[in-house]
Amino acid sequence: MEVKVITGNITEVEADAIIVNFYEDGKSPEGDTAAVDKALDGAISQLIAQGEIKGKLNEVTVVYSLGKLPAARVVVTGLGKQAELTTSKIRGAVAETCRWLRKRGAANIATIAQGAGVNEISLENSAQAITEGALLGLYSFRQHITREEEKLGEIKSLSIVATSEAKPQLEAGSTKGKILAEATNLARDMVNEPANYMTPSHMAERARELAKRYGLEVTILEREQMAELGMGGLLGVAQGSREPPKFIVLSYKGNDAAEINIALLGKGITFDSGGISIKPSEKLEEMKGDMAGGAAVIAAMAAIAQLKPKLNIMGIVPATENLPDGSALKPGDILTAMNGKTIEIISTDAEGRLILADALCYAKKHGARLLVDAATLTGACRIALGDVCTGAFANNQELVGKVIAAGAEAGELIWQMPMYDEYRELNKSEVADIKNVGGRLGGAITAAKFLAEFVDDTPWVHLDIAGTSMSDKERGYVVKGATGVPVRTLVNLVLSLAKENK
Ligand code: BES
Ligand code: MN
Ligand code: ZN
C-alpha cells in the first residue's frame, strides 16, 4: 500500500472512502468532520444525536454519501475521550478502520490528519501514527498460501489530506512512519517464517541483502571464526544442529569517530526444541519465533540506515538452532564463554543466555559504550507480564529510563524488573564459575543476572520479549502472529540518543 500526503479539502477528495472522526466527549462534529457533515446535510450530526455514533475508541460507523460527496463512503472513526487521545490510540484506531474498509473492498481511501492539534499532537506525529497504523494494521503473512487470495481485497492507497501549509510536516511524519512500520513488518516476516525457511543461514542472507540495500557494513562469522574468538556458548548450543551457526554483525556509521556509541543485540535461535532438555510438544511450533530479538535488531538496523542518526551503531545477532542430536550439548557439560568464564549447563533449554553471553563479550571487545539486547529469553517473563509488557532488566537506571520512554513513544509497553544482588547467588555453580539456570523462582530475573555476568559496568538494558513478540489476537495495529516488538523501541532509542549527542 502507498501512503501519500495530498493537498486539498477532504470534502472534494475522490476515494472509495474518506475517514473523519468523533470524540466520545464531543457534542457535535468539529473541523473537517463538521465540513463533511455539512456536505452530507447533517447526517453525521443526526447519527450522533441518535446515539448511533458514540465516539468510543475504535468505533467505526459508515455513512453513504449518495452523491453528496465525490467519495462514496464516509467513515467516522471513534477516537475516545479527547483529553485522553495519544498517538498510540490514533495508530490503533487507524489500523482498525483500515482493516474494516479492506473487508468491505475499499481500494483507495483518504483521511484527515487524525488528532493533529489535540493534546500537543503535532501534524508530524499525527501523520506518523496514521502511516504506522495503516501499514502495521494491514500486515498479513501469506508467504506460503498457494490458494488464491480470498476476496479480502487490498487497500492500494491511503491519502492524508491537508492544506498546503501542513504538507511538509505531514510528509516528514509519514516518511518516518513508513520507515518504522516497514522495518517492523520486515521483522514480522522473519519471525513468521517457519524454521525450515528461516535458518541461521537465511537470517544471515537477509542481513546481507538489507546491508546492501541500505549501505550497512556486514560481517558474518562462521564456525571457525567463532572458535578462534572462543565463543563457547554459541558453539555449544550449535553442536546439536546440522545447520551452521552464524554470528551476524551489521554496522552503521553515523560519524567519523572510532567509538561505537551503542550495540543492539538480539537472540537468534531459529528453532528452540530445548535440545537434550527437550520441550513438551504442545505449542512447540511457536519456537520458530525464538529469533524475534535477532529479527528486531536486523530490522532496526535497516530503519536506522534510512533515518541516518549521527551515531555509530552495531547490530549483533548470534544465530543457531537448538536441537537434540548425538553430538548435542548435555546437562552437566561445562562451556567456556568468549570472556573466559566457565558455565555449567543445567538445562540445554536455557540456551538464549549462552549465545547472548558471547554476543555481549563481542560487543564489549569492540568497545561499545552502551548495550541493549532483546531476547525471547524466558517463559517466566511471559508468566509475569503476559503479552502486554516487555520486561526490562538493567544495570543503569538512566539508560533503562530512556528505553522505557522510547517504548512508550512507540506504543510498545515496557516494565522494569528488579536486579537486586540477592538474585545473583542463585546462579552460583559448584563446578564452574556460573550455571545457566538459577531455579524456577524469579526465572526471568536470574536469566538477566546471568547475562549481567558478561556485561560488567557498561550501561546495559536487557529486554525479555518472550511474552510480547507474538500475539494470538488482533488488537489495534497488532495482528495475529509476530508483532515486530521491539523494532520501533530500538529505533526511537537510537534517535533520542542521537538528539542529545548533538
Ligand atoms: N525460548 C525460550 C523462552 C520462551 C518461552 C520464549 C515461551 C517464548 C515463549 C527459552 O529458551 C527457554 O526455553 N527458557 C526456559 C529457561 C529455563 C530452562 C530456565 C524457560 O523459560 O522455561
Ligand atoms: Mn530454550
Ligand atoms: Zn529459547
Side-chain angles (χ1 to χ4, degrees), residues 135-136 139-144 178-223 225-226 234 237-238 241-252 263-272 286-307 313-322 352 355-356 359 362-363 372-376 465 469-470 479 481-491 494:
L135 293 171
L136 294 173
Y139 172 86
S140 67
F141 183 73
R142 303 185 48 90
Q143 206 62 37
H144 304 282
K178 182 168 182 253
I179 292 170
L180 285 165
E182 282 179 350
T184 306
N185 286 342
L186 196 94
R188 287 174 171 183
D189 274 344
M190 295 177 78
V191 176
N192 284 328
E193 280 292 359
N196 59 329
Y197 283 86
M198 192 48 57
T199 61
S201 301
H202 288 115
M203 268 190 108
E205 219 30 66
R206 290 265 171 127
R208 266 213 184 90
E209 282 162 22
L210 291 167
K212 194 166 172 208
R213 183 167 345 144
Y214 298 116
L216 292 161
E217 194 189 304
V218 61
T219 309
I220 315 276
L221 304 185
E222 305 294 337
R223 217 190 278 268
Q225 293 154 296
M226 296 171 201
L234 176 56
V237 176
S241 165
R242 311 227 172 148
E243 289 290 336
K246 303 280 169 177
F247 191 89
I248 305 165
V249 184
L250 288 168
S251 299
Y252 165 80
L264 307 175
L265 309 98
K267 172 177 173 182
I269 296 290
T270 59
F271 187 74
D272 182 12
E286 286 181 4
M287 283 302 122
K288 70 176 183 177
D290 209 21
M291 32 58 77
V297 166
I298 291 171
M301 291 303 290
I304 288 165
Q306 296 170 74
L307 293 165
I313 302 154
M314 192 178 252
I316 303 174
V317 181
T320 177
E321 294 183 325
N322 184 25
I355 68 170
L356 283 170
Y362 184 92
V372 176
D373 78 73
T376 46
I465 55 170
S469 64
M470 297 259 219
V479 293
T483 60
V485 165
V487 172
R488 289 173 307 117
T489 297
L490 295 176
V491 180
V494 164

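Computed from a prediction, not measured in an experiment: that's the story for all the values here. We use all heavy atoms of the structure for the numbers below, so side chains are in, but hydrogens, waters and symmetry mates are not.
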When you compare the side chain of [Y] with that of [X], does any pair of heavy atoms fall below 4.5 Å?
X    : Y    : value
Y139 : R188 : yes
F247 : I316 : yes
F271 : D290 : no
S140 : V479 : no
T270 : E243 : no
Y252 : V494 : no
N185 : E182 : no
L216 : M301 : yes

As an exercise, state the distance from [atom1] of [X] to [atom2] of [Y], rounded to the nearest 0.5 Å.
X    : Y    : atom1 : atom2 : result
L490 : I304 : CG    : CD1   : 7.5 Å
I179 : L135 : CD1   : CG    : 11.5 Å
I298 : L210 : CD1   : CG    : 7.5 Å
L234 : Y362 : CG    : OH    : 12.5 Å
E222 : K246 : CD    : NZ    : 3.5 Å
T320 : I355 : OG1   : CD1   : 7.0 Å

Identify the two heavy atoms, one from [X] and one from [Y], that lie closest to each other, and give their separation to 0.1 Å.
X    : Y    : value
A375 : L356 : CB-CD1, 3.6 Å
L186 : A302 : CD2-CB, 4.5 Å
A183 : V487 : CB-CG1, 3.9 Å
L221 : M226 : O-CE, 3.2 Å
G289 : T376 : O-CG2, 4.0 Å
S241 : E321 : OG-OE1, 2.8 Å

*Got a sec: does the NZ of K288 have more than 12 other heavy atoms crowding it under 6.0 Å?*
yes
*asked:* The test is side chain to side chain contact (heavy atoms under 4.5 Å, CB included); show your working for H202 and M190 and say whether it passes.
replied: CA-CA 9 Å; H202 288 115; M190 295 177 78; over 6 Å; no
_NZ/NE/NH1/NH2 to OD/OE distance under 4.0 Å, E205 and R208_ = yes
*Hey, is the main chain of R206 close enough, under 3.5 Å, to the side chain of E209 for a donor-acceptor pair?*
no
*Verify, without hydrogens or angle tests, whether N192 (side chain) and A482 (backbone) share a donor-acceptor contact under 3.5 angstrom.*
yes
